[in-house]
Amino acid sequence: MVTQRDALPLDSVAAQAASDAGGLDVALLGSFLDVLADAVDAGVPLSRGQLHEFRAQGDAAARAGVALRALLDLYLTSAWRLWRELPAVVAAADDPRRGWSPRAR
């Protein structure tokens, strides 16, 4: 059974964001898009552990010579592109009177 969460175009979002960020490797995102989508679906912020993981990924990218500006562009663009695909956001846009709530369908 395919859920709304499973139907998110994460690979497409990552590829487009990587292209927008100057052709960076999508692997630099790690699990960011999955974690972000899960957090929005659950209505919770990212955990300290998740933030630490992304901080470590950024450190590794910097050590590999990835420019901070490009890395920020990759993460911000991927979040922006994913946001408009999230079921809760789509539902709120379809019916603004409902507003946003966790697990909105």
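Index from 1, following the sequence.
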Any non-hydrogen side-chain atom of Leu36 less than 4.5 Å from a side-chain atom of Trp83? no

Below 4.0 angstrom, N of the basic side chain to O of the carboxylate: do Arg63 and Asp59 qualify? yes

Are Phe32 and Leu51 connected into the same hydrophobic cluster when the rule is that any two of I, L, V, M, F, W, Y join if their side-chain heavy atoms are below 4.5 Å apart? yes

Can you name the closest pair of heavy atoms from Ala70 and Ala21 and give their distance? O-CB, 3.7 Å

If you count the non-hydrogen atoms of other residues, nucleotides and ligands that lie under 6.0 Å from CZ in Arg84, is the total more than 12? yes

Which atom pair, heavy atoms only, marks the closest approach of Ala61 to Leu28? CB-CD2, 3.9 Å

Atom of Ala14, atom of Leu29 and distance for their closest heavy-atom approach: CB-CD1, 3.8 Å

Worked check of side chain to side chain donor-acceptor pair (under 3.5 Å) between Ser47 and Gln50: CA-CA 5 Å; Ser47 70; Gln50 291 165 327; 3.3 Å; yes

Taken to the nearest 0.5 Å, the spacing of Asp34 CG from Asp38 CG works out to 6.5 Å

Determine the sole option in Leu8, Asp11, Val26, Leu10 for which the side-chain contact (heavy atoms from CB on, under 4.5 Å) test with Leu33 is passed. Leu10

Testing the basics here: between Val35 and Leu46, what is the closest heavy-atom pair and its distance to 0.1 Å? CG1-CD2, 3.4 Å

Heavy-atom check, side chain of Pro87 versus side chain of Asp41, under 4.5 Å: no

Please round to the nearest 0.5 Å and tell me the distance separating atom OH of Tyr75 and atom CD of Gln57. 4.0 Å

Between Thr77 and Asp73, is there a donor-acceptor pair closer than 3.5 Å when you use the side chain of the first and the backbone of the second? yes

Is there a side-chain contact between Ser31 and Glu53, using heavy atoms and a 4.5 Å cut-off? yes

Nearest heavy-atom pair of Arg81 and Asp20: which atoms, and what distance? NH2-OD2, 2.8 Å

